[in-house]
Amino acid sequence: MNTNKIRLIIIMLTVVLSLYGFIRNAYAPPYGLTGGGTSSWNMPVVTAPITVPPQVPPWHPHGFPHVWTTEDVINALNERGVEVNNISFEVSGIHDNLPAKAKEIVKFSVSVEDLEGTILSFEFNENLHKVRKYYLELNKKGELYTWSFLKDNILLVLPGTIEEEKAKKYKKALNSMQIK
């Protein structure tokens with residue numbers, strides 16, 4: 001046999017064996033699914049470390065990192081010196097034509113012109129986002145213009161006729177709330 005043919009056969013065998021190893025590893029079962037110390041290919045199985053998720057806080061099913069009350073919001077607004085006058089708590093959780101139920105609703109005046117702001121507290125994340133979407137859609141349609149700010153389970157709604165700087169003060173006060 002010619003030496004060139006022998007070299008060609010050796011190269012071809014090397015390529016085939018290399019590909020065999022590559023294919024064998026590519027189609028090996030995922031780590032840890034074989035249940036034993038070796039895979040179906042008689043290769044040691046390296047299992048990934050199991051991570052235990054942190055303990056689920058009690059608020060988790062509702063989807064909020066922290067649950068605030070409307071009283072917490074009023075206190076934060078007062079601490080920051082923004083106007084919160086003529087506070088009225090609504091007994092019913094249903095307000096006007098909102099698409100979802102709020103847990104607590106508080107109305108207050110934001111200026112001497114008796115412009116009315118609303119603090120809505122929600123028990124469920126889905127309800128909060130339905131109501132927020134409702135206000136945003138009214139803004140788009142031009143039927144009602146409002147400022148709306150979120151903090152966890154709270155939606156603060158202010159009339160759109162107040163100045164932007166004043167609205168930003170309310171937003172800053174709302175966001176200043178800290179877990180004690």
Side-chain angles (χ1 to χ4, degrees), residues 26 29-33 47-180:
Y31 291 117
L33 294 183
T47 57
I50 298 172
T51 56
V52 178
Q55 190 174 11
V56 178
W59 51 260
H60 188 268
H62 305 298
F64 299 114
H66 186 73
V67 176
W68 304 99
T69 65
T70 53
E71 192 174 317
D72 294 330
V73 179
I74 292 168
N75 290 338
L77 296 175
N78 283 328
E79 287 172 9
R80 290 289 184 151
V82 294
E83 292 181 68
V84 183
N85 304 311
N86 305 323
I87 298 169
S88 67
F89 293 84
E90 293 193 10
V91 178
S92 169
I94 302 172
H95 174 67
D96 298 328
N97 297 322
L98 296 180
K101 183 178 178 181
K103 184 178 179 183
E104 296 177 293
I105 299 174
V106 174
K107 294 270 192 177
F108 63 96
S109 60
V110 296
S111 66
V112 291
E113 296 98 29
D114 289 328
L115 295 173
E116 193 172 74
T118 308
I119 303 167
L120 298 117
S121 165
F122 293 89
E123 188 173 1
F124 299 100
N125 201 359
E126 303 84 38
N127 291 351
L128 178 133
H129 288 289
K130 283 180 187 176
V131 173
R132 174 82 191 276
K133 183 179 177 185
Y134 170 77
Y135 278 110
L136 293 175
E137 287 175 0
L138 288 176
N139 284 350
K140 286 180 185 176
K141 292 178 186 176
E143 296 176 17
L144 176 69
Y145 180 66
T146 60
W147 297 97
S148 59
F149 306 112
L150 292 176
K151 170 87 175 183
D152 300 323
N153 67 310
I154 298 292
L155 178 63
L156 174 62
V157 181
L158 302 171
T161 54
I162 67 171
E163 307 90 36
E164 184 176 359
E165 288 304 313
K166 189 171 187 174
K168 285 181 179 178
K169 288 180 182 179
Y170 280 90
K171 179 181 181 180
K172 189 174 183 178
L174 179 67
N175 289 328
S176 73
M177 292 192 307
Q178 298 291 321
I179 300 170
K180 295 176 183 176

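Please read these numbers as outputs of a predicted model, since none were measured by experiment.
Considering all non-hydrogen atoms of both residues, K169 and V82 come closest at CB-CG1, 3.7 Å. Smallest separation of non-hydrogen atoms from D152 and L128: O-CD1, 3.8 Å. Heavy atoms only, all atoms of each residue included: L150 and H129 are closest at CD1-CE1, 4.3 Å. Scanning both residues, S176 and R80, for their nearest heavy atoms gives CB-NH2, 3.2 Å.
Considering only heavy atoms from C-beta on, L158 comes within 4.5 Å of F108 through its side chain. Side chains of L156 and K151 form no contact here, defined as non-hydrogen atoms less than 4.5 Å apart. Proximity of V131 to Y135: side-chain heavy atoms (C-beta onward) are separated by under 4.5 Å at one or more points. Taking 4.5 Å as the limit, some side-chain heavy atom of K166 sits within range of a side-chain heavy atom of E83. Counting heavy atoms from C-beta on, the side chains of L77 and Y170 come closer than 4.5 Å.
Electrostatic pairing of E126 and K130 does not count as a salt bridge here, judged by no charged N lying under 4.0 Å from a carboxylate O. Between E123 and K101, none of the side-chain N atoms (NZ, or NE/NH1/NH2) sits under 4.0 Å from a carboxylate O, so this pair counts as no salt bridge.
Tested against L155 for a side-chain contact (heavy atoms from CB on, under 4.5 Å), the candidates I105, I119, L120, N127 yield a single pass: L120.
With a 6.0 Å radius and a threshold of 12 heavy atoms from other residues, nucleotides or ligands, E71 has its CD atom at or below the threshold.
Taken from CE in M177 to CG in N75, the straight-line distance is 10.0 Å, to the nearest 0.5 Å. The distance from atom CH2 of W68 to atom CD of E104, rounded to the nearest 0.5 Å, is 13.5 Å. With rounding to the nearest 0.5 Å, the separation of CD1 in I154 from CG in L174 is 7.5 Å.
For D72 (side chain) and T69 (main-chain N/O), a donor-acceptor pair under 3.5 Å exists by modelled atom type. Side-chain N or O atoms of S109 include one that pairs as donor or acceptor with a backbone N or O of N85 at under 3.5 Å.
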Practice task
Mind running side chain to side chain contact (heavy atoms under 4.5 Å, CB included) on V110 and W147 for me, showing each step along the way?
Solution key: CA-CA 12 Å; V110 296; W147 297 97; over 6 Å; no

